[in-house]
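Inspection log for the structure reproduced underneath, given as structure tokens.
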Amino acid sequence: INAEYMGDIHDCIKEFSKEEKLEKDEQWFCPKCKEFTDSIKKLTIWKVPNILVIHFKRFKFTKSRRGKIRTFINFPIFDLDFSDHLGSQQKVKPEYDLFAISNHEGTPVSYTHLTLPTIYSVQISVVAVSLKKK
């Protein structure tokens, strides 16, 4: 999930799942008509897993620069509700609790390591959440 312009986890999920036009060099190849064609891609979550790992895109690369995206993302420790982000009804309420986080530290980007920060760190790279059993 690209974390560059987001305020909270719900903004990140909306950005991740929005429609994206595929055109020019990104055209989709149709196996039926054997031609490249403009199309629209949309990612949708249909069934929630028991454990969900979210990886935030924390690095930005351009032709002349590279660096870490340091945007803060509000992320609840308890009761992360995925109901508004799903493409289908679920048998169990899609509500998660945070149980693990990992942080990427160091510069330059190619000489870094992962650390396990405190639970209150909000510039995290990877989070894992567990589906609540009710």
Side-chain angles (χ1 to χ4, degrees):
I1 294 178
N2 188 341
E4 190 168 11
Y5 307 107
M6 303 302 133
D8 68 18
I9 185 63
H10 296 287
D11 293 336
C12 292
I13 296 165
K14 286 176 192 168
E15 178 69 18
F16 176 75
S17 59
K18 75 178 185 181
E19 288 186 354
E20 180 183 350
K21 280 188 174 183
L22 300 176
E23 49 193 2
K24 298 180 183 171
D25 291 341
E26 297 178 333
Q27 286 183 319
W28 178 71
F29 182 76
C30 176
K32 188 174 184 177
C33 67
K34 307 287 189 218
E35 291 185 19
F36 286 96
T37 182
D38 289 350
S39 56
I40 295 174
K41 175 179 83 171
K42 180 170 176 23
L43 301 174
T44 304
I45 300 170
W46 288 93
K47 184 177 179 190
V48 294
N50 288 333
I51 295 176
L52 176 66
V53 177
I54 302 170
H55 182 226
F56 296 100
K57 180 181 174 188
R58 286 294 190 183
F59 299 98
K60 183 176 184 176
F61 297 92
T62 64
K63 290 181 181 178
S64 60
R65 295 182 57 195
R66 64 182 180 192
K68 185 171 182 180
I69 298 170
R70 298 189 179 277
T71 306
F72 286 88
I73 299 169
N74 292 322
F75 195 100
I77 295 172
F78 302 105
D79 305 326
L80 171 60
D81 188 354
F82 254 75
S83 298
D84 294 339
H85 307 294
L86 301 175
S88 67
Q89 209 51 18
Q90 305 294 304
K91 292 179 183 177
V92 177
K93 184 175 181 181
E95 198 170 76
Y96 289 90
D97 288 339
L98 180 67
F99 76 88
I101 57 177
S102 175
N103 196 25
H104 196 267
E105 292 291 334
T107 53
V109 174
S110 58
Y111 299 103
T112 59
H113 60 278
L114 294 175
T115 60
L116 299 174
T118 65
I119 196 74
Y120 302 105
S121 174
V122 288
Q123 283 191 331
I124 53 180
S125 299
V126 179
V127 297
V129 291
S130 176
L131 189 62
K132 292 178 127 185
K133 303 288 184 182
K134 291 189 178 186

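Worth knowing before you read on, the calculation uses all heavy atoms, side chains too, and leaves out hydrogens, waters and symmetry mates. Since this is a predicted model, take the numbers as computed values, not measurements.
Atom CZ of Phe78 sits in a sparse spot, with 12 or fewer heavy atoms from other residues, nucleotides or ligands closer than 6.0 Å.
Residues Leu98 and Leu80 form no side-chain contact, since every pair of their non-hydrogen atoms from C-beta on lies 4.5 Å or further apart. The shortest distance between side-chain heavy atoms of Ile9 and Ile54 falls below 4.5 Å.
Ionic pairing of Lys93 and Glu95 is present here: one or more N-O contacts between side-chain nitrogen and carboxylate oxygen are shorter than 4.0 angstrom.
The line from CG of Asn50 to OH of Tyr96 is 7.5 Å long, rounded to the nearest 0.5 Å. For the atom pair Glu15 CD and Ile13 CD1, the distance stands at 12.0 Å (nearest 0.5 Å).
For Ser88, the side-chain hydrogen bond (donor to acceptor under 3.5 Å, both in side chains) partners two or more places apart in sequence, or in a different chain, are Gln90. Evaluation of the side-chain hydrogen bond (donor to acceptor under 3.5 Å, both in side chains) rule for Glu26 yields no partner, not counting sequence neighbours.
Under a hydrophobic clustering in which Ile, Leu, Val, Met, Phe, Trp and Tyr are joined whenever their side-chain heavy atoms come within less than 4.5 Å, directly or via other members, Trp28 and Leu43 fall into different clusters. Phe82 and Ile77 fall within the same hydrophobic cluster, where Ile, Leu, Val, Met, Phe, Trp and Tyr residues are linked whenever their side-chain heavy atoms come under 4.5 Å apart, directly or through other members.
A pairwise comparison of heavy atoms in Leu86 and Pro94 identifies CD1-CG, 3.5 Å as the closest pair. Nearest heavy atoms, Gly87 versus Thr44: CA-CG2, 3.5 Å.
Under the 30°/60° scheme for interplanar angles, the aromatic rings of His85 and His10 are found to lie parallel.
Residue pairs meeting the salt bridge (charged side-chain N to carboxylate O under 4.0 Å, His left out) criterion with at least one member in residues 36-56, sequence neighbours excluded: Glu20-Lys41.
A donor-acceptor contact shorter than 3.5 Å links the side chain of Asp97 to the backbone of Asp79.
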